[in-house]
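Read the structure below first, then the notes.
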Amino acid sequence: MISVIIPTYKSPDALDLCLRSAIEGQNHQNQIIVVVDGFYDINKEVLEKWAEHIDVLNMEENVGLCRGTNLGVYNAQYDKILIINDDNVLPQFWDTRLEEIWVEGAVISPNQIEPFPSIFEQFVIKNLGRDPKTFDLEAFWKFDQNISQNKIEECGSTPPLFMNKYDYLRVGGWDENYELGMVADWDFFLKCQLSGLKMIRTWNCHFYHFSQISTNGEKRQQAEQNGHEYAKYKWGNYIKHNPINNLKYIN
């Protein structure tokens, strides 16, 4: 069994699709924790729709992505945790497919499908939709089944992440000082690498990612710049990214 942690903010349409895919696509009754980072009323209709299938952690005020995620992990009932964004769509049978490739002492990144190219060379670029309201879930499930393969490589270090709760806690989870959570994932993966965890990617299932529905524009760009400066302050240099194996490093 898996505890799924889904931080959410102001994207009820994306959250609705995310929860539908998680609930209708699972083989077992996993724990699904929705961390509502303020703005409960905006998400209320969606939360009530799926109420019997989810645990809701209502922050009541905006505490930030990192703190919200950490608190969600603290409330996880199972050792295996899956942290995803509310703008992710889960593949069919995601729970059993992930458990098939479970590795102790590892951070497992299921590969992603995104509509536009990014710095992550392993991602599948396929525009299956930009609007959660009209997204064809069954078509995505079929596409994922067609492209998935029994392939695992040590080139993880990208969300979503599937790992042991106690490994997450041992490395300190997300650093809550990163604004909007920008660069916090690079910081987290660097900590995991330095603690000796393997950074694994699996192609046996793919998660769709709408990409930055909640945090677009100048505010996001400024937060990312601030995040890199905070990382430099913390580590003594900027965190850098190796595009071949996705490992994070500092000079």
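FYI, side chains are in, hydrogens and waters are out, and symmetry mates aren't considered; it's all heavy atoms of this structure. Sequential numbering from 1 along the given sequence is applied to the chain's residues.
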Are [X] and [Y] linked by a side-chain donor-acceptor pair shorter than 3.5 Å?
| X | Y | answer |
| --- | --- | --- |
| N150 | N204 | no |
| N246 | S157 | no |
| S148 | H206 | yes |
| Q92 | D144 | no |
| Q31 | N75 | no |

Tell me whether [X] is salt-bridged to [Y], with the criterion being a basic N under 4.0 Å from an acidic carboxylate O.
| X | Y | value |
| --- | --- | --- |
| D187 | K191 | yes |
| R170 | D167 | yes |
| E224 | R220 | yes |

Task: Among F143, W94, F135, ring-ring contact (aromatic ring centres under 6.0 Å, His included) partner for Y208 - done: F135

Less than 4.5 Å apart, any side-chain heavy atom of [X] and any of [Y]?
| X | Y | result |
| --- | --- | --- |
| F189 | I239 | no |
| D37 | V63 | yes |
| W102 | N164 | yes |
| M182 | Y230 | no |
| N88 | N85 | yes |
| W50 | V34 | no |
| D185 | W174 | yes |
| D175 | K234 | yes |

- [ ] Evaluate the criterion side-chain contact (heavy atoms from CB on, under 4.5 Å) for residue pair Q77 and D55; output intermediate values, then yes/no.
- [x] CA-CA 11 Å; Q77 297 175 359; D55 295 335; 4.2 Å; yes

- [ ] Please determine which of H209, Q112, R201 meets the side-chain hydrogen bond (donor to acceptor under 3.5 Å, both in side chains) test together with T158.
- [x]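 Filter result, single survivor: R201.
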
Of the non-hydrogen atoms in [X] and [Y], which two are nearest, and what is the gap between them?
| X | Y | answer |
| --- | --- | --- |
| P160 | P110 | O-CD, 3.5 Å |
| L137 | S21 | CD1-CB, 3.9 Å |
| N127 | R130 | OD1-CG, 3.9 Å |
| V35 | G72 | CG2-CA, 3.8 Å |
| L65 | L180 | CD2-O, 4.0 Å |
| Q122 | P243 | NE2-O, 4.1 Å |

Taking a hydrophobic cluster as the set of Ile, Leu, Val, Met, Phe, Trp and Tyr residues connected by side-chain heavy atoms closer than 4.5 Å, whether directly or through intermediates, do [X] and [Y] fall within one such cluster?
| X | Y | answer |
| --- | --- | --- |
| I250 | F188 | no |
| L128 | I147 | yes |
| V89 | I54 | no |
| V107 | L247 | yes |

Task: Co-members of Y78 in a cluster of I, L, V, M, F, W and Y side chains, linked at under 4.5 Å - done: M1

Is it the case that more than 12 heavy atoms not belonging to [X] sit under 6.0 Å from its [atom1] atom?
| X | atom1 | value |
| --- | --- | --- |
| Q149 | CD | yes |
| I244 | CD1 | no |
| R67 | CZ | no |
| E61 | CD | no |
| K44 | NZ | no |
| K198 | NZ | no |

- [ ] Could you check whether the rings of H241 and F120 sit parallel, tilted or perpendicular, using 30° and 60° as the cut-offs?
- [x] perpendicular

Task: Criterion side-chain contact (heavy atoms from CB on, under 4.5 Å) on L82 and D95, from CA distance to verdict - done: CA-CA 10 Å; L82 174 66; D95 51 349; over 6 Å; no

Open item on the list: Under the criterion side-chain contact (heavy atoms from CB on, under 4.5 Å), I'd like the reasoning laid out for L90 against F207: C-alpha separation, chi angles, the key distance, then a yes or no.
Closed with: CA-CA 5 Å; L90 284 69; F207 284 49; 3.5 Å; yes

- [ ] Spell out, as yes or no, whether a donor-acceptor pair under 3.5 Å connects the side chain of N30 to the backbone of I2.
- [x]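 Confirmed, N30 side chain pairs with I2 backbone.
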
Task: Any donor-acceptor pair under 3.5 Å from K80 side chain to E99 backbone - done: no

Task: side-chain contact (heavy atoms from CB on, under 4.5 Å) assessment of N70 paired with Y168 - done: CA-CA 9 Å; N70 287 340; Y168 181 93; 2.6 Å; yes

